[in-house]
Amino acid sequence: MAEQLLADSTALVATVLDEIAGALPELAGDPRLRPVLAATVQDTIRAGLAVLGSAAPVTGIRAPDAGLELARHLAQRGIPISVMLRAYRLGQAAFQQELIDLIAATHADAHEVAAAARDLASVTFSVVDAMSEEVVAAYQSERDGWIRQRNTARLAKVTALLASRSVDAGGASLGYDLSACHVAAVLWCGADVDEDARLPLLERLVPAIATALGCARPPLVVAPDASTLWTWFPTATGPTDAVAAVPGTYAALGDPAPGPAGFRRTHQQAQQAQQIAVAADPAHRQRVTTPAQLGPLALLAVGPGSAAPWVQAALGGLADDDETAARLRETLWVYLSNGSSLAAAAAELHLHKNTIQYRIRKAEQVRGRPLQNGRIDVEVALLACRLLGSTVLRPAPELE
């Protein structure tokens, strides 16, 4: 029977193709894809019939060239590979049903029909399984190459815009509205994340940030390297505590800013925030860093490591990297952040007001001069300690 069908499989191919077309109009309805789909169905059916007719091992079966071409076309159009895999499953089911109906029409007894159905199911599953692996590999390879090419072209346009070179004012070639208000983000991974997993992990972070910022339209995303994403979110909503990083990832955001100039300005802020975050020791590194957190520390973004001598000079002994100095720094930060209110600081730290007062006096002694002597410097230096940790602190002496 397989040999007979192999000699004239036109009707069988038409039946299977109609079944797929009815279930997957996005695949069969595209006039550019339909001929490739028809060739894939025909070549796949002929390969299956050849195996059934000769009892040849399935291990040598290969996906037809048309199937590999169809996979590449889907990748180029951004159509999920799951669509093609479903087409294979639908085709397999229709193929099996047609052959079982033909077997039943030969007046074979029920036992023979059941045995033939089992053999048919085993062979067709093995054929489709083997071909599926090849088409998935072809799809992924084409998709990766296409994404790289698209990213390279998009990155060149974005880089030109950031450098103030000529780029269409509407951002049409970027597929992004430059006239809108933007919040830029720089996303990156920690060193402990495997290199191959970094970009996929960062891509998971993009929709989470978009949701937190209330974006109604898709963001613009480019990858300047294999471990970093630059993203612009079309929103006038500033970064909030609702932005949470995916484990293993970090995010630095800018403030909302409109138009092409704002596109550049918010990105510059995000880059500054990233530079400060990266300069921090790992124990103090923030998962998400925003301009509001940095305050005047944004001025140190050009060389955050150079802040250490200034911080140590401003804080004196309070810049020592030990538990006593850390406790005094935290108390002093809360006290100053609450308008120098002992009561407010005591309530926030769950301590008695007299304890706060004692620690403030102790902090002045350790610093070596009163708080009012360079108070602004003290506040900025304390902020640097909170964000950068041991990077700006004086190392504790080693015990002999």
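From a predicted model like this one, the values you see are computed outputs, not experimental measurements.
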- Item | Side chain Gln312, main chain Ala319, donor-acceptor under 3.5 Å | no

- Query: Taking C-beta and beyond as the side chain, do Tyr88 and Asp129 meet within less than 4.5 Å on heavy atoms?
  - Reply: no

- Query: Hey, does the side chain of Thr290 reach the backbone of Leu253 with a donor-acceptor pair shorter than 3.5 angstrom?
  - Reply: no

- Task: Could you tell me which non-hydrogen atom of Gln92 sits nearest to which non-hydrogen atom of Ala121, and how far apart they are?
- Result: NE2-O, 4.4 Å

- Message: Once rounded to the nearest 0.5 Å, what's the spacing between atom CD of Gln357 and atom CG of Leu342?
- Response: 5.5 Å

- Message: Check this for me: Asp18, atom CG, are more than 12 non-hydrogen atoms of other residues, nucleotides or ligands nearer than 6.0 Å?
- Response: yes

- Item | Side chains of Tyr250 and Cys189 in contact at under 4.5 Å (non-hydrogen atoms) | no

- Item | Check: Arg329 side chain, Leu382 main-chain N or O, donor-acceptor pair, under 3.5 Å | no

- Query: In Å and rounded to the nearest 0.5 Å, what is the CG to OG1 distance from Leu201 to Thr249?
  - Reply: 5.5 Å

- Flag, side chain of Thr266 to backbone of Phe263, donor-acceptor distance under 3.5 Å: no

- For Val135 against Ile81, the heavy-atom pair lying closest together: O-CD1, 4.3 Å

- Query: Do the side-chain N and O atoms of Thr228 and Asp225 include a donor-acceptor pair separated by under 3.5 angstrom?
  - Reply: yes

- Message: Under a 3.5 Å distance rule, please check whether Arg367 uses its side chain to pair with a backbone N or O of Ala314 as donor and acceptor.
- Response: yes

- What distance do Ile356 atom CD1 and Leu349 atom CG have between them, rounded to the nearest 0.5 Å? 4.5 Å

- Option passing side-chain contact (heavy atoms from CB on, under 4.5 Å) with Leu315 (candidates Val392, Val378, Asp320): Val378

- Give a yes or no answer on whether the side chain of Glu134 reaches the backbone of Ala63 with a donor-acceptor pair at less than 3.5 Å. yes

- Task: Answer yes or no: is there a donor N or O on one side and an acceptor on the other, between the side chain of Thr331 and the main chain of Arg359, under 3.5 Å?
- Result: no

- Query: Do Leu162 and Gln268 have side chains that get closer than 4.5 Å, going by heavy atoms?
  - Reply: no

- Task: Determine yes or no for a side-chain-to-main-chain donor-acceptor pair under 3.5 angstrom, with Arg265 supplying the side chain and Gly254 the backbone.
- Result: no

- Query: Within the distance-only criterion (no hydrogens, no angle test), does the side chain of Arg361 pair as donor or acceptor with the backbone N or O of Glu364 below 3.5 angstrom?
  - Reply: no

- Task: Starting at CG of Leu155, measure out to CH2 of Trp230 and round the result to the nearest 0.5 Å.
- Result: 6.0 Å

- Roughly how far, to the nearest 0.5 Å, is the CG atom of Leu383 from the CD atom of Glu379? 9.5 Å

- Rounded to the nearest 0.5 Å, the CZ atom of Phe233 sits from the OH atom of Tyr176 at a distance of 9.0 Å

- Query: Does Ser122 reach the main-chain N or O of Arg118 with its side chain, forming a donor-acceptor pair under 3.5 Å?
  - Reply: no

